[in-house]
Number of protein chains: 2
Amino acid sequence: MTEEEWTIPDVAVAVDLAVLTVRAEQLQILLVERGIEPFRGALALPGGFLASAREDIDGAAVRELAEETGLAAEDLHLEQLRTYGTPDRDPRRRVITVCYLAVVPNLPVPRAGGDADVARWVPVAEALDGPLAFDHSRIISDAVERARGKLEYTTLATAFCPAEFTVTELRRVYEIVWGEQLEPRNFHRKVTGADGFLVPTGEKTLRQGGRPAELYRRGPASLLHPALLRSRASSLEVTA
Amino acid sequence: MTEEEWTIPDVAVAVDLAVLTVRAEQLQILLVERGIEPFRGALALPGGFLASAREDIDGAAVRELAEETGLAAEDLHLEQLRTYGTPDRDPRRRVITVCYLAVVPNLPVPRAGGDADVARWVPVAEALDGPLAFDHSRIISDAVERARGKLEYTTLATAFCPAEFTVTELRRVYEIVWGEQLEPRNFHRKVTGADGFLVPTGEKTLRQGGRPAELYRRGPASLLHPALLRSRASSLEVTA
DNA sequence: CGAGTTTCCGTCAATCTGACGGATAGTGGG
DNA sequence: CCCACTATCCGTCAGATTGACGGAAACTCG
């Protein structure tokens, strides 16, 4: 510990977003094609450096999300995921990335931020196959795992759904994110029984052939009681 | 987005530790008394800035932990908690703090780091009452909440215990961290039944009056199946 | 050897879970 | 108008899990 001559190292702080949604019966993530080196042309998570030394980190995440998707932070889920700080991430200078997880419903994708690098939805399975910039492959894994876990004991699943949705739509979210079939009738019993999870609107869908489904809105609860646990096998599959 | 004249802001990155243990039948946290401004004299989480621009963030956490407690990272739990980055945390310059949660057993506390500011154990309840430096009060709340939650569905509780421990000791960990009484016989049945949670050593305690308790070691599992859920009331108490 | 203490095994009712039969309420075709 | 067809939703029922508690086992101490 030599006190002399030591100065606090300067670090560049980036804020990246892992934005998840369910589209076309698949779990998808928002990615951009990088326009500059390093990793020019590779797919990467949307994000960027702090706009100024005074910008709040959470605020930067909200700003990036608006820039990339046009979505405001009000009616979507946004939480900090983790900070990634291995020294050799960027050859230019020391960079650490504070990563956020966002969960958005399918429908509203204007995505006209005015940014040059257009973001697009990529199925997670596909994204994890191909090469990604930096350590973004690992970040995506972490984001998906966080989402999978939170479906169990929080009401996060409703963030994948539009404002009004049916029990079947909600079940599809669970099935797609977990990659696991769920028994429709038991699922129905559990989610309608959980305190504050769903609020019936009284409305019904008039859609396709079949009995019209009742429409629900998100309830006030954020924690799920009782929890909705996935199968043992499904939980372990990640660690492997 | 004016491209001209803009440069990536320089930020100072600190790594702070929330080190939890169970001592004297209380959940306690390791704190230091600050020797310098700002918040001179106030209690704060141990931590410091990156040692160099090349130091890994996780590595810095391990280093800090060794400096403050003398503990090596091998047989203890260390995970990233969250990054705190509000702009006005430090009047001197822009600082963001990557915070780690460590869980250590009671016994081994040499805590001879050679650092001038000696760290000491403070009961969490007491720490949250008194004034703390920066936003450390909030960080401690987050750390405790993370630990409480993880006791439910991971094997984190064993990190509070020495290498060999009894079921009763393990139960005390749950009771103290959750602040909730548990039924001893049902607890025994559950933890001994959970796959890979506990491995019997065959040894028994010879201690105090009463039937000798069997000794266990940590099992290979990190996820708890089936989970050990706290009561509804206990879970909600945090949100309030 | 008995009282005290702590660990651990067993029981039993209430609850929860998974699996499934079948009624309900729409659509579209003849 | 009646009959498939489809999808939602309600009910049942056996098996597993949970919470609550009685009581035996295994030690110490006096």
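Just so we're clear, the structure is a prediction, and the values are computed from it rather than from any experiment. Every chain is numbered from 1 and lettered A, B, ... according to where its sequence line falls, protein lines coming before strand lines.
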Mind checking ring-ring contact (aromatic ring centres under 6.0 Å, His included) for B/Phe134 and listing every partner two or more places apart, or none if nothing turns up?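 ring-ring contact (aromatic ring centres under 6.0 Å, His included) list for B/Phe134, sorted by chain: B/Phe39, B/His136.
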
Of all residues at least two apart in sequence or in a different chain, which pass the ring-ring contact (aromatic ring centres under 6.0 Å, His included) check with A/Phe187?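 A/Tyr174.
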
Under the side chain to side chain donor-acceptor pair (under 3.5 Å) test, residues paired with B/Arg218 that sit two or more places apart: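 Here no residue qualifies.
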
Partners of A/Ser231 by side chain to side chain donor-acceptor pair (under 3.5 Å), sequence neighbours excluded?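 A/Glu180.
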
Only counting residues at least two apart or in another chain, list the ones meeting side-chain contact (heavy atoms from CB on, under 4.5 Å) with [X].
| X | answer |
| --- | --- |
| A/Ala147 | A/Leu20, A/Leu156 |
| A/Pro123 | A/Gln26, A/Gln28, A/Glu126 |
| A/Glu214 | A/Pro200, A/Lys204, A/Tyr216 |
| B/Leu128 | B/Val124, B/Ser137, B/Ile140, B/Ser141 |

For A/Asn186 and for A/Pro212, locate the closest nucleotide of DNA chain C by heavy-atom distance; then report the residue assigned to the nucleotide nearer the 5' terminus.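 By nearest-heavy-atom nucleotide position, the 5'-most residue is A/Asn186.
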
Taking the nucleotide of DNA chain C with the nearest heavy atom to each, does A/Glu183 or B/Glu169 sit closer to the 5' end?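 The 5'-side residue here is B/Glu169.
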
Taking only heavy atoms on the protein side, list every residue of residues 187-204 of chain A lying under 4.0 Å from any atom of DNA chain C, sorted numerically.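 Output list: A/Arg189, A/Lys190.
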
Identify whether any heavy atom of B/Thr166 sits under 4.0 Å from a base atom; if not, whether one sits that close to sugar-phosphate; answer base, sugar-phosphate or nothing.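 Counting heavy atoms under 4.0 Å across all strands, no contact is made by B/Thr166.
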
How about B/Asp142 and B/Tyr84: does a side-chain donor come under 3.5 Å of a side-chain acceptor?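 B/Tyr84 and B/Asp142 do have a side-chain donor-acceptor pair below 3.5 Å.
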
Length of the line joining B/Leu182:CG and D/dA20:P, which is rounded to integer Å: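 From B/Leu182 CG to D/dA20 P: 11 Å.
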
For DNA chain C, stems built from three or more consecutive Watson-Crick or G-U wobble pairs below 3.5 Å: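 Counting only runs of 3 or more consecutive pairs, the stems involving DNA chain C are C:1-30 with D:1-30.
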
Span of DNA chain C in contact with chain A (heavy atoms, under 4.0 Å):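 The contact span of chain A on DNA chain C goes from C/dT17 to C/dT27.
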
Polar-atom pairs under 3.5 Å, protein N or O versus N or O of nucleotides 2-6 of chain D: list them with distances, or write none.
unit_1, atom_1, unit_2, atom_2, d
D/dT6, O2, A/Gly210, N, 3.4

